[in-house]
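Notes follow once the structure below has been shown.
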Amino acid sequence: MSVTRKDHVRPPVRVALCLAVVTALVGTGLVALLWSGDDTDDHAARTTSGAAPDVPLVKDKGSVVRAATVPLARGRGLVADARGRHLTQRLTTDAYKMVAVTWASGRPEVDVRFRNARGWSEWTHLEALTDGPTVGDAESRQATRRGTELLWVGRSDGVQVRTTATTGLDLVLIDPGVLAADATATADATATPAASATQGSGAATATTVARTRSAGTTSAAARPTKAPRPPLYGRSVWKPNPDYLNGSPVYTNIIKQVHVHHTASANDYSRADVPAILRGMYRYHTQTLGWFDIGYNFLVDRFGRSWIGRSGGARKRVRGAHTLGFNHNSVGIAVIGNYESRNPTTYAVTAIVRLAAWKLDLDGQHATGRTWMYSKGSDKYPAGRRVALYRIDGHRDTNDTACPGARLYRLLPDIRTRAERRLRYYS
């Protein structure tokens with residue numbers, strides 16, 4: 001069923017935020033977003049006195065997610081320092097866990113620092129998000145803003161932005177909330193994978209295996225004839241708000257490639273944090289950037305769990321918004337974390353192998369070697385360019401990005417070999 005998208009340019013969150021900021025400015029005389037003249041001012045006295053924060057977050061209707069969008073421009077939140085950089089003051093905020101910055105045009109450099117229980121962090125560079133819907137399609141036309149990756153920072157109550165731009169920026173803060181355990185919702189801390197009704201053509205069910213063993217035949221007879229579907233944590237586990245959807249799934253006719261990504265976020269998240277990370281990313285992709293749904297088809301966490309991202313059916317050929325110019329005939333798998341200078345866990349790598357083998361084998365594709373693809377328009381290959389790409393490649397092979405990080409990218413040859421070995425074993 002098609003869902004009419006909401007106005008993501010001026011959502012209710014931003015209206016409520018603007019009213020709150022105006023009230024603070026006029027009613028109390030506090031200057032919430034303007035430069036105070038002191039780069040070290042974090043308004044600690046205001047927080048301890050119980051006064052309203054500079055940036056309040058507003059709870060989304062029908063969701064545990066709270067968010068704020070703050071327009072930034074020179075003279076309205078951004079002021080140049082002695083080195084010519086453009087900064088906000090250190091802003092106090094309601095509690096949040098994820099931060100990003102978006103813009104209407106260009107590609108500015110953006111750094112942030114945040115305040116948590118240990119104090120103010122060092123500056124962290126926000127990587128530009130080079131994922132996105134296919135140029136020219138309906139999803140792309142409704143996506144009017146570009147932005148950075150969404151950074152997971154854990155519970156924080158302050159933020160400061162430093163950038164090369166002077167206009168058109170929005171600061172985005174998200175608190176993805178926590179799901180309570182009850183009769184209808186799985187708690188974030190006790191998530192379990194969904195049972196698979198269909199493991200794929202020729203897959204052996206538990207009943208088939210039991211009957212085969214009781215008949216005294218070999219275990220090989222019960223082996224699936226296709227690479228089996230790995231355990232998947234469904235959308236019902238991380239509870240995306242269906243009201244966020246901006247349209248309906250689009251399907252492609254064949255899967256020829258797997259594009260591997262990282263989310264360029266923190267690596268120290270806990271098992272219980274993962275559903276919240278997905279909720280925040282989903283909120284950012286749909287309500288801030290205007291995409292139909294979360295961009296990735298699947299996500300893998302550092303504990304080796306595989307999560308269903310974009311809706312439309314995990315077994316189906318759902319077109320994502322993960323690899324600008326090459327979303328067609330492919331599936332996007334993102335590993336949660338930043339793997340530029342840290343190695344992914346062996347559990348995460350194994351999860352990629354199993355997901356890639358399953359999806360490629362469904363369409364009779366190999367995991368090694370290259371395949372010819374036509375670009376639909378990326379920042380690396382213009383529309384119409386014919387490119388020979390690995391069947392399992394890294395995001396940097398198609399776009400101007402460091403994704404999936406140097407440490408994960410160098411493991412791709414081994415991932416291809418292991419995935420090919422797995423699908424040959426079952427074929």
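Here the structure is a predicted model, which means the values were calculated and not measured.
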Below 4.5 Å, heavy atoms only, C-beta onward: do [X] and [Y] meet side chain to side chain?
X      : Y      : answer
Pro275 : Trp307 : yes
Tyr284 : Ile174 : yes
Leu169 : Leu78  : yes
Asp361 : Trp358 : no
Gln257 : Leu389 : yes
Glu127 : His262 : yes
Arg396 : Tyr409 : yes
Ser306 : Phe298 : no

Look only at the side chain of [X] and the backbone of [Y], and say whether a donor-acceptor pair between them is shorter than 3.5 Å.
X      : Y      : result
Arg141 : Gly136 : yes
Arg279 : Pro240 : no
Asn327 : His322 : yes
Thr323 : Phe326 : no
Ser378 : Thr398 : yes
Ser63  : Asp60  : no
Asp293 : Ser311 : yes
Glu340 : Ala406 : yes
Arg416 : Ile392 : yes
Thr93  : Val55  : no

Can you confirm whether more than 12 heavy atoms, excluding those of [X], are under 6.0 Å from its [atom1] atom?
X      : atom1 : result
Phe303 : CZ    : yes
Lys376 : NZ    : no
Arg317 : CZ    : yes

Is a salt bridge present between [X] and [Y], judged by a nitrogen-to-oxygen distance below 4.0 Å?
X      : Y      : result
Lys380 : Asp400 : no
Asp379 : Arg107 : yes
Arg271 : Asp188 : no
Arg370 : Asp393 : no
Asp268 : Arg302 : no
Glu139 : Arg310 : yes

Hey, does the Lys NZ or Arg CZ of [X] hover above the aromatic six-ring of [Y], less than 6.0 Å from the centre and inside 45° of the axis?
X      : Y      : value
Arg386 : Trp372 : yes
Arg407 : Tyr339 : no
Arg90  : Trp120 : yes

Any idea which heavy atoms bring [X] and [Y] closest together, and the distance?
X      : Y      : value
Ala314 : Ile308 : CB-CD1, 3.8 Å
Arg418 : Thr350 : NH2-OG1, 3.0 Å
Leu411 : Pro344 : CD1-CG, 3.6 Å
Gly312 : Pro249 : CA-CG, 3.7 Å

How many angstroms lie between atom [atom1] of [X] and atom [atom2] of [Y], to the nearest 0.5 angstrom?
X      : Y      : atom1 : atom2 : value
Asp94  : Asp54  : CG    : CG    : 10.5 Å
His395 : Ile333 : NE2   : CD1   : 14.0 Å
His366 : Leu360 : NE2   : CG    : 10.5 Å
Ile255 : His328 : CD1   : NE2   : 10.5 Å
Gln89  : Gln160 : CD    : CD    : 8.5 Å
Arg162 : Trp123 : CZ    : CH2   : 5.0 Å

query = Taking atom types as modelled, is there a side-chain donor on Arg145 or Thr102 under 3.5 Å from an acceptor on the other?
reply = yes
task = Assess the side chains of Asn116 and Asp157: does a donor N or O sit below 3.5 Å from an acceptor N or O?
result = no
inquiry  = Under the side chain to side chain contact (heavy atoms under 4.5 Å, CB included) test against Val110, which residue among Thr163, Leu171, Thr124 passes?
reply    = Thr163
message = side chain to side chain donor-acceptor pair (under 3.5 Å), that's the test. Do Thr286 and Asn246 meet it? Break it down for me.
response = CA-CA 7 Å; Thr286 58; Asn246 297 317; 5.1 Å; no
task = Fit a plane to each ring of His285 and Trp291, take the angle between them on a 0 to 90° scale, and name the class: parallel (under 30°), tilted (30 to 60°) or perpendicular (over 60°).
result = tilted
ask   = Once the angle between the rings of Trp238 and Tyr282 is folded into 0 to 90°, is it parallel (under 30°), tilted (30 to 60°) or perpendicular (over 60°)?
value = perpendicular
query = Between Ser140 and Asp137, does a side chain to side chain donor-acceptor pair (under 3.5 Å) hold up when you go through it step by step?
reply = CA-CA 5 Å; Ser140 176; Asp137 68 4; 4.6 Å; no
inquiry  = Before you tell me yes or no, could you show the steps for Thr371 and Arg391 under side chain to side chain donor-acceptor pair (under 3.5 Å), namely the whole-Å CA-CA distance, both residues' side-chain angles and the distance that decides it to 0.1 Å?
reply    = CA-CA 6 Å; Thr371 185; Arg391 290 186 173 92; 5.0 Å; no
inquiry  = Going by side-chain contact (heavy atoms from CB on, under 4.5 Å), name the residues that satisfy it together with Ala334, two or more places apart in sequence or in a different chain.
reply    = His261, Thr263, Tyr296, Leu299
request  = Under the salt bridge (charged side-chain N to carboxylate O under 4.0 Å, His left out) rule, what do Asp175 and Lys97 come out as? Steps first, then yes or no, please.
outcome  = CA-CA 5 Å; Asp175 173 18; Lys97 293 183 178 179; 5.1 Å; no
